[in-house]
Colleague: 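I have a structure here, written as structure tokens, and I will follow up with some questions on it.
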Amino acid sequence: MTKPIATRWFSPAVPVRTNQGFRYNVNSVEGAARELLEWKKRGPKWNQAVRVCMAGLANEMTPAQVREAFLAAAIEENRLLPPIKDK
């Protein structure tokens, strides 16, 4: 029997605008990889983020490194949203 794969979480979450116009707070390597594959515009930072995500999924890079690369791609693609302030 195979062991289930643990989700690789990172914090703080990276809030992005999805293709459908919704807010998605990405807080894991798996979530970042899924979201990147949905983006139609794919620049150099997107390419790097995908590579870092794949390395993160293989436990070759840390969730913090994935977060940093995903954040850079979100900025490059103008998908980064401001965090929601607590009241």
Side-chain angles (χ1 to χ4, degrees):
M1 189 164 136
T2 60
K3 283 176 45 175
I5 297 173
T7 301
R8 296 155 191 91
W9 302 103
F10 55 72
S11 182
V14 179
V16 295
R17 179 183 33 80
T18 67
N19 285 341
Q20 296 78 24
F22 296 109
R23 171 182 290 268
Y24 176 36
N25 290 314
V26 178
N27 62 357
S28 70
V29 173
E30 293 79 4
R34 278 192 307 272
E35 185 60 24
L36 286 167
L37 293 177
E38 295 292 323
W39 296 1
K40 298 201 182 339
K41 187 177 172 199
R42 298 176 173 183
K45 302 276 186 194
W46 177 89
N47 193 314
Q48 179 65 23
V50 168
R51 292 172 188 270
V52 173
C53 279
M54 295 303 111
L57 290 170
N59 293 318
E60 295 169 357
M61 296 198 96
T62 67
Q65 290 170 307
V66 172
R67 182 190 181 281
E68 192 172 315
F70 181 75
L71 177 63
I75 291 168
E76 177 184 67
E77 303 303 334
N78 198 29
R79 288 184 172 262
L80 184 66
L81 296 174
I84 295 175
K85 304 274 188 204
D86 290 336
K87 291 182 182 181

Colleague: How far apart are the closest heavy atoms of Lys41 and Glu76, and which atoms are they?
Modeller: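 In this case the closest contact between Lys41 and Glu76 is NZ-O, 4.2 Å.
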Colleague: Is there a side-chain contact between Thr62 and Phe10 in this structure, where contact means two heavy atoms from C-beta onward sitting under 4.5 Å apart?
Modeller: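 With C-beta onward as the side chain, the pair stays apart.
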Colleague: Starting at CD of Glu77, measure out to NZ of Lys45 and round the result to the nearest 0.5 Å.
Modeller: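 That separation rounds to 11.0 Å.
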Colleague: Do the side chains of Val26 and Leu81 join up, straight or via other hydrophobic residues, at under 4.5 Å, putting them in one cluster?
Modeller: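 They do not share one cluster, since no chain of ILVMFWY contacts under 4.5 Å joins Val26 to Leu81.
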Colleague: Specify the closest pair of heavy atoms between Ala33 and Met54, including all atoms of both residues, with the distance to one decimal.
Modeller: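 Scanning both residues completely, I find the closest heavy atoms to be CB-CE, 4.2 Å.
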Colleague: State, with a plain yes or no, whether a side-chain heavy atom of Arg67 is found less than 4.5 Å away from one of Pro12.
Modeller: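 The answer is yes; the side chains approach within 4.5 Å.
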Colleague: To the nearest 0.5 angstrom, please state how far the CG atom of Leu36 sits from the CD atom of Gln48.
Modeller: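 One finds 11.5 Å between CG of Leu36 and CD of Gln48.
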Colleague: Take atom CG in Asn78; do more than 12 heavy atoms of anything else shown fall under 6.0 Å from it?
Modeller: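 12 or below, so no.
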Colleague: Under a 4.5 Å cut-off applied to non-hydrogen side-chain atoms, are Glu38 and Arg34 in contact?
Modeller: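 No, too far: nothing below the 4.5 Å cut-off.
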Colleague: Is the closest side-chain heavy-atom distance between Glu68 and Val52 below 4.5 Å?
Modeller: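 Of all side-chain heavy-atom pairs linking Val52 with Glu68, none is under 4.5 Å.
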Colleague: Between Glu35 and Thr18, is there a donor-acceptor pair closer than 3.5 Å when you use the side chain of the first and the backbone of the second?
Modeller: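 Side chain of Glu35 to backbone of Thr18, a donor-acceptor pair under 3.5 Å: no, none is there.
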Colleague: Any side-chain to backbone donor/acceptor pair from Gln65 onto Gly56? Under 3.5 Å, distance only.
Modeller: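 Between the backbone of Gly56 and the side chain of Gln65 there is no qualifying donor-acceptor contact (under 3.5 Å).
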Colleague: Which pair of heavy atoms, one from Ala32 and one from Cys53, lies closest together, and at what distance?
Modeller: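 Nearest heavy atoms, Ala32 then Cys53: CB-SG, 3.9 Å.
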Colleague: Can you check whether Trp39 and Tyr24 have ring centres sitting under 6.0 Å from each other?
Modeller: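 Not close enough - the centres of the two rings lie 6.0 Å or further apart.
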Colleague: Rounded to the nearest 0.5 Å, what separation is found between the CH2 atom of Trp9 and the CD atom of Glu30?
Modeller: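 Answer rounded to 0.5 Å: 8.0 Å.
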Colleague: Any chance you could lay out the side-chain contact (heavy atoms from CB on, under 4.5 Å) test for Lys40 and Asn19, step after step, and finish with the verdict?
Modeller: CA-CA 8 Å; Lys40 298 201 182 339; Asn19 285 341; 4.1 Å; yes
Colleague: Evaluate Arg8 against Asn59 for side-chain contact (heavy atoms from CB on, under 4.5 Å), listing each step before the verdict.
Modeller: CA-CA 9 Å; Arg8 296 155 191 91; Asn59 293 318; 3.1 Å; yes
Colleague: Determine whether a donor-acceptor pair (N or O, by modelled atom type, separation under 3.5 Å) exists between the side chain of Arg42 and the backbone of Leu37.
Modeller: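 A pair under 3.5 Å: yes.
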